[in-house]
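A note on names: the letters A, B, ... follow the listed sequences, proteins ahead of strands, and every chain is numbered from 1.
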Protein chains: 2
Amino acid sequence: MSTGRPTLADVAVAAGVSVSTASLAFSGAGPIAAATRDRVLAAAADLAYPGPNPLGQQLRTGRSGIVGAIFGDRLRRSFRDPVSIQMLDGLAQSLGAHDIGILLIPSEAGDVPPLVAHAAMDAAVVVLCNGPDDAVVAALARRGIPVVLVEGDLGAPTERDGPAGRVPASHPTARVGIDDRRGTEALVRTLRALGHERFGVVALPFGHDRRLGEPDPARDPRSGYLATRRRLAGIADAGVVPEIVIETPASLVEHGRSAGHEILSRPDPPTAIIALSDLLASGVVLAARELGLRVPEDVSIAGFDGLDLPWLAPDVLTTVRQPLAEKGRQAGEAAIALIAGVPFPPVILPVQYEQGTTTAAPRAASHSNG
Amino acid sequence: MSTGRPTLADVAVAAGVSVSTASLAFSGAGPIAAATRDRVLAAAADLAYPGPNPLGQQLRTGRSGIVGAIFGDRLRRSFRDPVSIQMLDGLAQSLGAHDIGILLIPSEAGDVPPLVAHAAMDAAVVVLCNGPDDAVVAALARRGIPVVLVEGDLGAPTERDGPAGRVPASHPTARVGIDDRRGTEALVRTLRALGHERFGVVALPFGHDRRLGEPDPARDPRSGYLATRRRLAGIADAGVVPEIVIETPASLVEHGRSAGHEILSRPDPPTAIIALSDLLASGVVLAARELGLRVPEDVSIAGFDGLDLPWLAPDVLTTVRQPLAEKGRQAGEAAIALIAGVPFPPVILPVQYEQGTTTAAPRAASHSNG
DNA sequence: GTCGAAGGTCGAATCGATTCGATCATCGAC
DNA sequence: GTCGATGATCGAATCGATTCGACCTTCGAC
């Protein structure tokens, strides 16, 4: 065809070879004489042929070279959190090394976006998984697309009933997460060793129904974000029942600030506040400052994640550091393994307590107040 | 075929119709009897057919349903900037409404990533364009992929020589940007009206060779990020020659802080500091606080973008607000138009000066010092 | 009763590549 | 000189859908 953009067939004709030989010249798969290859390449340059059409390759090979990244919220909210970003950066690293692209799929409040149902992808990374039942995961399973669950259910794979259907246990799935539970446990134990006895907690969202305030006790404990539940469980593991828990609609500074005000404005507030993310914790620090409270003299504040928060200076947050980029990298490796048909054993990355300047022993006065 | 995943042909056989009819049942393009459609759909459900394979559709229709978003830096750095995020969010909105996915392509320091050269996409949005010569744009043009330049060259389209080849003027291209130049001009005029005469500038990166410090005067003025150049030009338009300009390697708080220290530690520093982004400006505010300077009494500080920076409280940054999400939305509309073969006229969105608490008239003493 | 139009279905071509098996030529070895 | 092996090239099938034109039926109108 002389019309339209040139195809491999056009190049083959121009070079005086067959289509199969021309294909070999580009892919290098199979024996080909150097002279022939050069001739084909020259003809291609002549025709301004931009290389094999990816659509043709994809249909033939059955691979799209794309991995979907599905976030449990609008991009604006997800990506204001450096946690998602650093993970995504790690993901881009490991996938990029294999020339695999990332298809960005925002998924609001538990619905199944059309892209999940229809877009071409070789695997999907689901970032904030909504507990054992997840319509998105079910939809992917139905399409036979391998799934990597990040910060989702880290337990053993089982047959699950999702709202959109059953996810068979045989469906290729991998799990990547961190040891959140041990993280908050270590954090709280350290605070108890310092002498703290009365704790407040500023929690991450419990589930897709995001709200600010004390959590609804009537909520189904089987659903909701698992990372939140694990971090709370770690606090319980350390033998602490918080005096007050405030749930936030998103891991953002302003929500931490609101929650901080709510907790610290009470009469006789707790001596230590544990926020389940650094962004929330830094909001609590701001609230404390605004209320004229000294940190850590009047109140100890700790976070989770290990972010770099230069604007909190001179304070440095006490936190539990998690390997964010590594988590993304592992998720990428998992996706690559699943695409190749190789099972990928669950990964649980370690976290590490990191002492900052925002925690210290409680004041004696506050202690006698309890 | 009973082997492997079911195809449309399998469904057709099971439903006792031809493949073309089965196709009609799914696509709805063309007349089909309701009874027939139901029979096909029932057969599909029976076989657990997950709908038409996107790879087959894509080859046939020539559309991948994907738009590439190409960022001029690593994701980690790009996405720590809320500016990119909000734009991306707007982009996701307009593209998502057409069921078009976003392929994330990080592109470090001016190289051409393999995905740009080989991934399937119907159009590409290039976010930080490196002046009139851009290898990425050239590569896309060679492949015949329509390009939307955001914050790139806003001038008239011309034939350009890129390092990787020529971009023909006929190549489908759209431009979306903001009126940065007028923005900084208005800002500086306001500051002059307040009485400021001596200015410092904390600039965005000049180009891919990112560094911190006073800009190299030997640098080729024809290359580099155009947004930076336009915002600087706006300052000149207001009749101001800054006493000192500090270039930063990225729009991040910490770089603004370093630059702020550098400027404010000088003997007799300028009375007003203009940062070309809010993130940089907030870093300068932090530096001022650390140096014991009062804002705005001792020094006025202004930014650009109009971000929400809750942790800067009680200060509210004086800034120039740009419609970030709208910019992304327009870029999406532009991509959609170009894919449809419809030309998209250049869009230059207006910006608006916004008075905060970080600017005021200079102190009389400082004025007499000049 | 016949004709035309409209609606529904089907067959076959097509999108642009990859890949397997067959063919053919060349060359070295016996 | 013949045989076998090796390497290069080609033809044709295939991936999974869409879509155009042809065909057939049915129905209404004259």
Q: Look up atom NE2 in A:H98 and atom CG in A:D122, then write down how far apart they are to the nearest 0.5 Å.
A: 12.5 Å
Q | Side-chain H-bond candidate by donor/acceptor type, A:S20 with A:S23, under 3.5 Å | A | no
Q | Separation of atom CG in B:L55 from atom P in D:dC15, rounded to whole Å | A | 13 Å
Q. Counting just side-chain N and O atoms, does B:Y49 come under 4.0 Å of either OP1 or OP2 of D:dG16?
A. no
Q) Between B:Q58 and A:Q58, is a side-chain contact (heavy atoms from CB on, under 4.5 Å) present by the stated rule, with each step listed? A) CA-CA 9 Å; B:Q58 289 174 17; A:Q58 288 175 16; 3.7 Å; yes
Q: Report the distance from atom CG of A:N53 to atom C1' of D:dA17, rounded to the nearest whole Å.
A: 15 Å
**Q.** A:S107 side, atom OG; A:F71 side, atom CZ - distance, nearest 0.5 Å
**A.** 11.0 Å
Q. Tell me: CG of B:L8 to C1' of C:dC10, nearest whole Å?
A. 14 Å
Q: List the atom of B:D99, the atom of A:P114, and the distance in Å for their closest heavy-atom pair.
A: OD1-CG, 3.2 Å
Q.
Using a 4.0 Å cut-off on heavy atoms, which residues in residues 31-44 of chain B reach DNA chain D? List them by number, or say none.
A. none
Q. B:T7: what forms a side-chain hydrogen bond (donor to acceptor under 3.5 Å, both in side chains) with it, not counting sequence neighbours?
A. none
Q.
Base, sugar-phosphate or nothing for B:S20? Non-hydrogen atoms, less than 4.0 Å.
A. base
Q | Approximate separation, where rounding is to 0.5 Å, of B:I70 CD1 and B:L115 CG | A | 9.0 Å
Q: Would you indicate which nucleotide in D:dT18, C:dG16, C:dT18 comes nearest to any side-chain atom of B:R60?
A: D:dT18
Q: Mind calculating the distance between CD (A:Q57) and C1' (D:dC15) to the nearest angstrom?
A: 13 Å
Q) Taking atom CD1 of A:I85 and atom CE of A:M87, what is their separation to the nearest 0.5 Å? A) 9.5 Å
(Q) Using five base pairs at each end to define the local axes, how bent is the helix from C:dG1-D:dC30 to C:dC30-D:dG1, to the nearest 10°? (A) 50°
Q.
Which residue in the set A:V125, A:L95, A:I66 passes side-chain contact (heavy atoms from CB on, under 4.5 Å) when paired with A:I102?
A. A:L95
Q) On a plain distance test, is the side chain of A:S18 in donor-acceptor contact with the base of D:dG11 below 3.5 Å? A) no
Q) Taking CG from B:L59 and C1' from C:dA17, how many angstroms apart are they, rounded to a whole number? A) 8 Å
Side-chain polar contacts of residues 36-57 of chain A - donor-acceptor pairs under 3.5 angstrom, sequence neighbours left out - could you list them?
unit_1: A:R39; atom_1: NH1; unit_2: A:A15; atom_2: O; d: 2.7
unit_1: A:Y49; atom_1: OH; unit_2: A:G51; atom_2: O; d: 3.4
unit_1: A:N53; atom_1: OD1; unit_2: A:L55; atom_2: N; d: 2.7

Q: For residues 325-337 of chain A, pull every pair meeting side-chain hydrogen bond (donor to acceptor under 3.5 Å, both in side chains), keeping only residues two or more places apart or in separate chains.
A: A:Q93-A:R329, A:E151-A:K327, A:Q322-A:K327, A:E326-A:R329, A:E326-A:Q330
Q: With a 4.0 Å heavy-atom cut-off, tell me which residues in residues 21-29 of chain A come close to DNA chain D, sorted by residue number.
A: A:T21
Q: Grab the CZ-C1' distance between B:R143 and C:dG16 for me, whole Å please.
A: 14 Å
Q) Taking the side chain of B:V17 as heavy atoms from C-beta outward, which of C:dC10, D:dG16, C:dA17 is closest to it? A) C:dC10
